[in-house]
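Lettering of chains follows the sequences in order, A, B, ..., and the numbering in each one begins at 1. Everything quoted here is computed from the prediction, not taken from an experiment.
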Amino acid sequence: MKVEAKPDFQTSTAPKTGADLLIDLLINEGVDTLFGYPGGAVLPIYDAIYRARGTIKHVLFRHEQGSIHAAEGYARITGKPGVVIATSGPGATNLVTGITDAMMDSLPLVVITGQVARGIIGTDAFQEADVMAITTPITKHNYQVQSISDLPRIVKEAFHIASTGRPGPVLIDVPKDISAGELFEIPAEGTIDLPGYQPTTKPNPLQIKKLADAISRAKKPVILSGAGILHGKASTELTAFAEKHKIPVVTTLLGLGTFPANSPLSLGMGGMHGTYTANMALYEADLLINIGARFDDRLTGNLKHFAPNAKVAHIDIDPAEIGKNVPTQIPIVSDSKEALVELMNQTSESPEAGDWLATLNKLKEEYPLWYKHDPNGMSPQWLIEAIHKVTNGEAVVTTDVGQHQMWAAQYYNFEKPHRWVTSGGLGTMGFGFPAAIGAQMASPGSTVVAIVGDAGFQMTLQELSVIYEQNLPVKIIIVNNGALGMVRQWQELLHGNRISESILHTHPDFVKLAEAYHIRGYKIESQEELITKLPEVFAYNGPVLMDCRVLQQEKVFPMIAPGKGIHEMIGVKPS
Amino acid sequence: MKRIISLTVQDRSGVLNRVTGLLQRRQFNISSISVGPTETEGISKMTLVVEVEDEQRLEQVTKQLNKQIDVLKVSDITDKAIVARELALIKVAGSSQLRSEINGIIDPFRALIIDVSKDSLTIQITGRPDKIDALIDLLRPYGIKEIARTGLTAFLRGHQPQVNELTTYSQIK
């Protein structure tokens, strides 16, 4: 038998074009999944993906925004950069929200956009957009590839920048003539050449000593734990440190799960819709140890009243965060884990804070989170508690922004890190559902619940196709109150009850919608229905959408009104 | 307060955009900016004069600039012993009859007339921004047709005096 030798790309392992090289470099970086959407300027890259099929997985979303939020969910769970591919022009501009979201919440992403060929850049060519200028303020760094031989270095640097120091999105803009360009020789392996980028990860020992001394002298110490604990994978160290010195812990929204919610030292979440105890602890503290939080305005409230009596220590890998919003007496630029390990090595005494803990415990007892049970309807808070129960508190929970997000934050008591995926800084509607897709792909064995609002879900619901296609058992819980709930809440409380354009008078039939996408859907109108349905839904190994009709008028309490101090919470007790 | 911030950057595409974009986004007011190559190939120096309200904002701007990947070094050199110069071209209305009169004015400033036409004279002056401002004020009565200024560029003097002598060297208050 005669065998014809076919020097085919599919059998050859050597890269043939810039795009083949790019895909090879991604595989070398350990990338297993691409979140993307093809188009004209990335056709050569999709050709290379075709040739590389079997070695790297590509998931086709239905909108670029969906792909990038999924990559964010993936990055949040794995800590590894999520890799996104989109075409030039509209493909790239559709990524802008996701890139900004990742920048605000320090999520590592490597975003690859197509660009028109170098020869026609700047001529307003078809599907040309100035992606470099557009993404400069919303990326940690960005590159436009000017030569195939630069690709190995750029890809290596991009992954390094995205995942080290304070993580963030890095964009690589690839002109079409680069990706289509023939590769005459395989360029040498890339080496990182970044003299201007050397993040400090080890704490200054003198500062550590200073903090240890401050701790031993404190009477009212409190730890504020943020997402820096997640990036440093320092939850265990944080817990050991807090327990060693008996220091109570407040977490930020993004820091939920960094410290076990059921620990007696946990005060819960701080900030606008945090617990009264957490906020009073921040207000009364004489030593505030911020680890990996950025003193966002939603946490601090009016800065004039934030921690007025506290000596502030701030551990952060990003020096620019220290002193940005709150004057800081003990700045420590460091990785969170390195700093906590060093702090644990200090021999200084624990604070004498027995009275402080007793006061806080009393506050906890007197001012727990509360909501009213209505026999005629389903409270959204109760809904979250029911989900917590059926998932044993072990699910990965994703959300959009708004009321449902705050209820999920308040009532899904996170015991462990890397289970909470939410859009904190940017507050992006439409984030939760696609982020759940990425989270599920990152952690196939986990139960993943997308808790979304009825309004936000409609911004990215086209990705229902993806969970069906990929058979991802994501459970979508629509907290349906027929409104942009948080907007309506503010209009009621702060804008003279002028309900302006925040009620959604028409909804699709979400159950039929799910069915149209070949997904099981249920409408839930009462607590009894939910109780009956939940075990079945969570036992089913496939995607399910639940349209849960909750009490429409329910508001998120307690609350710090905008402009108010952290000690001026309203709705701390049932009226 | 005005501060002189000296940046050493990698000469890569987009670096100027990153720096100016950052200042705009974080609401820092740029009075002037000058950029040019240095003694090392691939490395450029930028001199920014920025208006900041207080020390805390000053610290923020330097930290944010430092965070940029292509920025190698950021220093606020305002209170150091520095040499700082700006160049200005000033076109004044007037015929050659005015030349000697104008020469009399510009001479103490060590400025030069570098172009003469039948209805205008162009003066070149180099120096600290306040010196240039002073000359412009003196020339204003003659009718200034056009001004072009380069923005300040500066670096540290070869010898840095002891800390207690420093304030006298400050170029901008």
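Heavy-atom contacts from other residues, nucleotides or ligands closer than 6.0 Å to NZ of B:K131 number more than 12. The number of heavy atoms from other shown groups lying within 6.0 Å of CZ (B:F109) is above 12. More than 12 heavy-atom neighbours from other residues, nucleotides or ligands sit within 6.0 angstrom of CD on B:E51. Applying the 6.0 Å contact sphere to NZ of A:K80 captures more than 12 heavy atoms from other residues, nucleotides or ligands.
A heavy-atom distance below 4.5 Å is found between the side chains of A:T139 and B:R18.
Contacts between A:D318 and chain B at a heavy-atom distance below 4.5 Å involve the side chain alone, from C-beta outward. Residue contact with chain A, scored on non-hydrogen atoms closer than 4.5 Å, involves the side chain of B:R12 exclusively. Proximity to chain B (any heavy atom under 4.5 Å) is restricted, for A:I161, to the side chain, taken from C-beta onward. Heavy atoms closer than 4.5 Å to chain A are found in both the backbone and the side chain of B:I69.
Between B:Q60 and A:A320, the closest heavy-atom pair is NE2-O, 2.7 Å. A:N325 and B:Q56 make their closest contact through N-NE2, 4.4 Å (heavy atoms, listed as atom of the first residue, atom of the second, distance). Nearest heavy-atom pair across B:L72 and A:G196 is CD2-N, 3.4 Å.
From A:N142, atom CG reaches atom CG of B:N17 across 8.5 Å, with rounding to the nearest 0.5 Å.
If you tally non-hydrogen atom pairs under 4.5 Å between each of B:K67, B:R25, B:Q68 and chain A, the highest count goes to B:K67. If you tally non-hydrogen atom pairs under 4.5 Å between each of A:K140, A:M132, A:R166 and chain B, the highest count goes to A:K140. Per-residue heavy-atom pair counts under 4.5 Å with chain B were compared for A:G165, A:P319, A:P199, A:P137, and the maximum is reached by A:P319.
A donor-acceptor pair under 3.5 Å is absent between the side-chain atoms of B:K63 and the main chain of A:K324, judged by distance alone.
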